[in-house]
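The block underneath contains the structure these notes are about, expressed in structure tokens.
Ligands are counted one by one from 1 in listed order, and the atoms in each one are counted from 1 as well. This is a predicted model, so every value here is computed, not measured.
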Amino acid sequence: MTTVAFLGLGAIGRPMAARLAAAPDISLAVWNRTSERAAAFASESGARHAATPADAARGAEIVITCLPVSSDVESLLDGPDGLLGGLTTGALLVDCTSGDPTTSRRIAARLAGSGVGFIDAPVSGGTIGAEQGTLTVMVGGDAALLERARPVLAAFGKKIVHCGAVGSGDALKAVNNALLAVHVWSTAEGLAALAKAGVKADVALDVINASSGRSNASMNLFPERVLTRAFPRTFRLALLDKDVGIAAGVAREQKVPAPLLQLTADLFRIAHNALGDEADHVEAAKLVEQWAGVEIR
Ligand code: NDP
């Protein structure tokens, strides 16, 4: 039996934790800021409901966090109820937050002082990938620590890749999501222009998806979410705004000119401000429609 703690039962964290709870060789404790969510999850899954982060970490060999941003993880470390109060020497913190490399490196250094390992391990594949256990996990940190965590990560991850030193999983995840953002925005602009030029969106997508301009946005997101006007809320626009900002920051830090990443970061900040904290990322297309004065149909 491996003793695991999971903190952060949000849109993606909850189905990831459900996969861990269902694994026969894992004994799971869960903690969530809104305690009722953890209580409900524990009673459905049989996991232990921990009262505090320290309580969750106590006795755990592997502690997994999945929170909006790295600073949320950092803020859970301290205080009498904090993670550092429960983590024991030799334990490993696996941060599945789509985080930022600088904060992850700082967290890793602090934990190293207590003999606790750290890897950043953001995931990709959405809430459905989490439910099905088919997420991609991109890992930064010591490769030996990843090998220790791999059997646990395999409960929700299918492709688990070592990317480099601490922070490199975060950097790769941010760039991946910046590409997603570019595709959502540019597909919306293109389809809005085509709608005004008299080309229906389903006809345009049929052609694009058999041609060189296709992407996950054109193949899946627009047909399933925009053309249907369903816009399900699975991944908040606020989080994609954060991710593109991290990608632009990585480019800046590396002194790589990246005007397209910066422009996309600005556009998603504008969309986030306009549509609010709870909007889904694909709803950014609604802002493009508003600017164009046309609905993508
Ligand atoms: P949600 O906003 O749905 O959930 C956030 C979770 O973090 C909730 O459990 C929330 O608790 C908790 N939380 C928020 N702020 C704090 C805080 N300051 N201290 C402690 N707990 C806090 O986010 P997601 O689950 O969608 O995303 C989590 C991470 O995974 C993000 O980094 C995101 O970018 C990434 N991700 C998300 C994907 C998706 O499809 N949703 C896909 C891939 C990556 P409470 O219940 O109290 O609000």
Side-chain angles (χ1 to χ4, degrees), residues 5-19 30-42 47 49-57 63-79 81-83 94-101 103-104 107 120-139 153 156-159 169-181 184 216 220-221 224-225 231-247 268 272 276-283:
F6 195 100
L7 295 88
L9 301 170
I12 194 128
R14 194 180 191 290
M16 287 162 71
R19 301 278 316 179
V30 292
W31 177 86
N32 192 63
R33 179 181 62 177
T34 304
S35 152
E36 298 77 51
R37 292 199 179 120
F41 178 88
H49 176 195
T52 62
D55 178 27
V63 175
I64 303 177
T65 42
C66 190
L67 305 181
V69 297
S70 291
S71 57
D72 294 332
V73 178
E74 197 171 29
S75 72
L76 287 194
L77 294 180
D78 295 306
D81 292 340
L83 280 173
V94 177
D95 185 20
C96 290
T97 304
S98 299
D100 71 87
T103 310
S104 284
I107 293 172
D120 48 303
V123 300
S124 177
T127 53
I128 292 177
E131 280 162 25
Q132 297 176 341
T134 57
L135 293 174
T136 298
V137 189
M138 43 210 109
V139 177
L153 298 180
F156 51 74
K158 191 169 170 203
K159 188 175 175 73
D170 289 336
L172 177 43
K173 170 67 186 176
V175 168
N176 176 76
N177 277 23
L179 298 182
L180 162 68
V184 167
N216 179 53
N220 299 307
L221 298 178
E224 291 166 12
R225 299 172 176 223
F231 292 106
R233 294 187 162 178
T234 62
F235 174 46
R236 293 189 295 122
L237 175 59
L239 295 173
L240 187 55
D241 168 19
K242 171 258 307 180
D243 291 333
V244 193
I246 294 171
F268 276 78
H272 173 191
D277 259 352
E278 296 308 317
D280 185 70
H281 67 302
V282 181
E283 291 184 77

(request) Below 4.0 angstrom from a heavy atom of Cys66, which ligand 1 atoms are there? Numbered from 1 as shown, please. (result) 28 (C), 29 (C), 30 (O)
(request) Quick one: pull up CZ in Arg37 and CG in Leu9 and give me the separation to the nearest 0.5 Å. (result) 9.0 Å
(request) Check if Lys242 has a non-hydrogen atom at a distance under 4.0 Å from any atom of ligand 1. (result) yes
(message) Whether Asp120 and Lys173 form a salt bridge (side-chain N of Lys/Arg under 4.0 Å from carboxylate O of Asp/Glu) is what I want to check.
(response) no
(request) Consider only side-chain N and O atoms of Asp72 and Ser75, and report whether a donor and an acceptor are under 3.5 Å apart. (result) no
(message) Check this for me - ligand 1, Arg37, N or O atoms closer than 3.5 angstrom, yes or no?
(response) yes
(message) How long is the straight-line distance from SG of Cys96 back to CG of Leu7, given to the nearest 0.5 Å?
(response) 11.5 Å
(message) Give me the atom names and distance for the closest heavy-atom approach of Ala50 to Trp31.
(response) O-CD1, 3.4 Å
(message) Could you check whether any side-chain N or O of Lys159 sits under 3.5 Å from a backbone N or O of Leu135, counting only pairs where one atom can act as donor and the other as acceptor?
(response) no
(message) Which of the numbered atoms in ligand 1 are under 4.0 angstrom from any heavy atom belonging to Leu9?
(response) 9 (O)
(message) Run the salt bridge (charged side-chain N to carboxylate O under 4.0 Å, His left out) test against Glu131 and tell me which residues pass, sequence neighbours left out.
(response) none
(request) Using only heavy-atom distances, determine whether the side chains of His49 and Asn32 contain a donor-acceptor pair under 3.5 Å. (result) no
(request) Report yes if Trp31 has an N/O atom closer than 3.5 Å to an N/O atom of ligand 1; otherwise report no. (result) no
(request) Return the residue, atom name and 0.1 Å-rounded distance of the protein heavy atom closest to atom 42 (C) of ligand 1. (result) Ile12 CD1, 3.5 Å
(message) Out of Thr97, Asp241, Leu239, Leu240, who is nearest to atom 27 (O) of ligand 1 when you count heavy atoms only?
(response) Leu239
(message) Once salt bridge (charged side-chain N to carboxylate O under 4.0 Å, His left out) is applied, do any residues pair with Asp78, and if so which ones, sequence neighbours excluded?
(response) Arg110
(request) Note the single closest protein heavy atom to atom 18 (N) of ligand 1, along with its residue, its atom name and the distance in Å. (result) Asp72 OD1, 3.2 Å
(request) Quick one: pull up CG in Leu67 and CD in Glu74 and give me the separation to the nearest 0.5 Å. (result) 12.0 Å
(message) If we only consider heavy atoms of Ser75, is any one of them less than 4.0 Å away from an atom in ligand 1?
(response) no
(message) Looking only at distances, can you tell me whether any N or O atom of Cys96, backbone or side chain, sits closer than 3.5 Å to an N or O atom of ligand 1?
(response) no
(request) Show which atoms of ligand 1 fall inside a sub-4.0 Å distance from at least one heavy-atom site of Thr34. (result) 45 (P), 46 (O), 47 (O)
(request) Please identify which atoms of ligand 1 are closer than 4.0 Å to at least one heavy atom of Val123. (result) 43 (C), 44 (C)
(message) For atom 22 (C) of ligand 1, tell me which residue out of Met16, Lys173, Arg33 has the closest non-hydrogen atom.
(response) Arg33
(request) Just jot down the ligand 1 atoms closer than 4.0 angstrom to any heavy atom of Gly126, in number order. (result) 40 (O)
(request) Identify, by atom number and element, the atoms of ligand 1 in contact range of Gly8, meaning under 4.0 Å from any of its heavy atoms. (result) 9 (O)
(message) With a heavy-atom distance limit of 4.0 Å, tell me whether Asn32 approaches ligand 1 through its side chain, its backbone, both, or neither.
(response) side chain
(message) For ligand 1 and Phe235, I'd like to know whether there is a polar contact (N/O to N/O, distance under 3.5 Å).
(response) no
(message) Main chain of Leu172, side chain of Asn176: is a donor-acceptor contact present, judged purely on distance under 3.5 Å?
(response) no
(request) Any chance you could measure Asp170, atom CG, to Asp95, atom CG, to the nearest 0.5 Å? (result) 7.0 Å
(message) When you measure from the heavy atoms of Ser124 to every atom of ligand 1, does any distance fall below 4.0 Å?
(response) no
(message) Please list the nearest protein heavy atom to atom 41 (N) of ligand 1 with its residue and the distance rounded to 0.1 Å.
(response) Thr234 O, 2.9 Å
(message) Pairs of nitrogen or oxygen atoms closer than 3.5 Å, one from Gly10 and one from ligand 1: do any exist?
(response) yes
(request) Indicate whether the side chain of Arg233 and that of Thr127 have a donor and an acceptor atom separated by less than 3.5 Å. (result) no
(request) Look only at the side chain of Ser70 and the backbone of Asp100, and say whether a donor-acceptor pair between them is shorter than 3.5 Å. (result) yes
(request) Give the residue and atom name of whichever protein heavy atom lies nearest to atom 35 (C) of ligand 1, and the separation in Å to one decimal. (result) Ser98 OG, 3.4 Å
(message) Residue-level breakdown please: for Pro68 versus ligand 1, do any non-hydrogen atoms fall below 4.0 Å on the side chain, on the backbone, on both, or on neither?
(response) both
(request) Tell me which protein heavy atom sits closest to atom 3 (O) of ligand 1, plus the residue, atom name and distance to 0.1 Å. (result) Ala11 N, 2.9 Å
(message) Has His272 got a side-chain atom pairing as donor or acceptor with Asp241's backbone, closer than 3.5 angstrom?
(response) no
(request) Considering heavy atoms of the protein only, find what lies nearest to atom 31 (C) of ligand 1 and give residue, atom and distance to 0.1 Å. (result) Leu67 O, 3.4 Å
(request) Number the atoms of ligand 1 from 1 as they appear, then name those within less than 4.0 Å of a heavy atom of Arg236, with their elements. (result) 2 (O)
